[in-house]
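Have a look at the structure below before the remarks.
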Amino acid sequence: MSLLKPLSVATSVLMLSLPAVSFAQAERDLEAEEANRALVIQFYNQFFNEHETEQSSLVLAEDYIQHNPGVPDGKAPFVDYFAGYFQENPDYQSEIVRSATDGDLVWLHVHSTNGDEDRGEAVVDIFRVENEMIVEHWDVIQSVPEEAANDNSMF
C-alpha cells in the first residue's frame, strides 16, 4: 500500500483544522499619506535647498529621533547641526527625484550635491510623521561614482 494517499489525506485534514491566517494589510488612508508626503517635501525643500532652518523646522517634533549616526537627536541639535553645515557649504542642494508613502512613513529618493562640480550622493531618506509632525528619520547614503559597472543611473 502506498503511503502517499494516507499522507495526503492527513495533510489535508491538518491544513483544514488550522485557523485561517489573514495576510491582508490594513486599509490605507491615502489622503493622510499624501498630506504626510506634502509636509515632508515642503520641509525638505525649505530646509535642505533654501537652507531656511528655523521656519521649516516648525514641523519637527522637539524629541525628534535621528538614526543617522553623524547627526544628533532632538529638534534643536538637528537645526544647529545643519545651520552650521549650510554656513560651511552654501552650495549644498538636494533634488528630490521621487517619493513614496506607506502609512506614517514617507520615502524620498534624493540626489544631493555640494556645488556644480560635485557628482553628489544618492540618498534615501525615510521620515515618520505623527500628528502632522516629523518625529523620526533614517537615511541611506551612497556616493555617485565617476564610473559604474553598468549604464544605469542611480536616479
Handout entry: Derivation and outcome, side-chain contact (heavy atoms from CB on, under 4.5 Å), residues Thr113 and Glu95
Key = CA-CA 8 Å; Thr113 57; Glu95 176 192 359; over 6 Å; no
Practice task
Name the orientation class of the two ring planes belonging to Phe78 and Phe48 (parallel below 30°, tilted from 30 to 60°, perpendicular beyond 60°).
Solution key: perpendicular
Exercise for the section: Measure up the Phe86 and His51 rings against each other and bin them: parallel (under 30°), tilted (30 to 60°), perpendicular (over 60°). Expected result: parallel
Exercise for the section: Begin with the C-alpha distance, continue with both residues' side-chain angles, and end with the deciding distance and a verdict on side-chain hydrogen bond (donor to acceptor under 3.5 Å, both in side chains) for His137 and Asn68. Expected result: CA-CA 8 Å; His137 170 260; Asn68 180 316; over 6 Å; no
Problem - Any Leu105 side-chain heavy atom under 4.5 Å of Trp138 side chain - result: yes
Exercise for the section: Treat each ILVMFWY residue as a node, draw an edge where side-chain heavy atoms are under 4.5 Å apart, and state whether Ile126 and Ile134 are in one component. Expected result: no
Problem - Atom pair CE/NZ of Met133 and Lys75 - distance to nearest 0.5 Å - result: 5.5 Å
Problem - Glu121 side chain to Gln142 backbone, donor-acceptor under 3.5 Å - result: no
Handout entry: Distance in Å, Asp139 CG paired with Gln66 CD, rounded so as to fall on 0.5 Å steps
Key = 6.5 Å
Practice task
Answer yes or no: are there more than 12 heavy-atom neighbours, outside Asp151 itself, under 6.0 Å from its atom CG?
Solution key: no
Practice task
Mind checking the CG-CZ spacing from Leu108 to Arg37? Nearest 0.5 Å is all I need.
Solution key: 9.0 Å
Practice task
Taking the side chain as every heavy atom from C-beta outward, state whether Glu130 and Asp104 have any pair of such atoms under 4.5 Å apart.
Solution key: no
Handout entry: Nearest heavy atoms of Ser143 and Met154, plus distance in Å
Key = O-CE, 3.9 Å
Handout entry: For the student: nearest non-hydrogen atoms of Ser94 and Asn45, plus distance
Key = O-OD1, 4.5 Å
Handout entry: Hydrophobic cluster membership, Val123 vs Phe82, 4.5 Å side-chain cutoff
Key = yes
Exercise for the section: Indicate, with yes or no, if Val135 and Ile41 share a hydrophobic cluster defined by side-chain heavy-atom contacts under 4.5 Å among Ile, Leu, Val, Met, Phe, Trp and Tyr. Expected result: no
Handout entry: Whether Asn49 side chain and Gln93 backbone form a donor-acceptor pair below 3.5 Å
Key = no
Handout entry: Pairwise distance OH(Tyr44) to CG(Asp125) - rounded to 0.5 angstrom
Key = 4.0 Å
Handout entry: Separation of Arg28 CZ from Thr101 OG1 (nearest 0.5 Å)
Key = 5.0 Å
Problem - Test item: Phe127 and Asn36 side chains (from C-beta on) under 4.5 Å apart, heavy atoms - result: no
Exercise for the section: Would you kindly confirm whether Trp107 and Val97 end up in one hydrophobic cluster when ILVMFWY residues are joined by side chain heavy atoms under 4.5 Å apart? Expected result: no
Practice task
Decide side-chain hydrogen bond (donor to acceptor under 3.5 Å, both in side chains) for Gln46 and Ser56; before the verdict, give the C-alpha distance in whole Å, the side-chain angles of both, and the deciding distance to 0.1 Å.
Solution key: CA-CA 6 Å; Gln46 272 189 320; Ser56 62; 4.7 Å; no
Exercise for the section: Would you check if the side chain of Glu52 reaches a backbone N or O of Glu54 as a donor-acceptor pair within less than 3.5 Å? Expected result: yes
Problem - CD/Gln42: more than 12 non-hydrogen atoms of other groups inside 6.0 Å - result: no
Problem - Thr53 side chain reached by Phe47 side chain, heavy atoms, under 4.5 Å - result: yes
Problem - Check: Arg98 side chain, His109 main-chain N or O, donor-acceptor pair, under 3.5 Å - result: no
Practice task
Identify the two heavy atoms, one from Val71 and one from Tyr81, that lie closest to each other, and give their separation to 0.1 Å.
Solution key: CG2-CE2, 3.8 Å
Problem - Shared hydrophobic cluster for Ile65 and Leu39 (ILVMFWY, side-chain gaps under 4.5 Å) - result: no
Handout entry: 4.5 Å side-chain heavy-atom contact, Tyr85 and Asn114
Key = yes
Handout entry: Non-hydrogen side-chain atoms of Val144 and His111 separated by less than 4.5 Å
Key = yes
Problem - Contact summary for Ser57 and Phe43, nearest pair of heavy atoms - result: CA-CE1, 4.5 Å
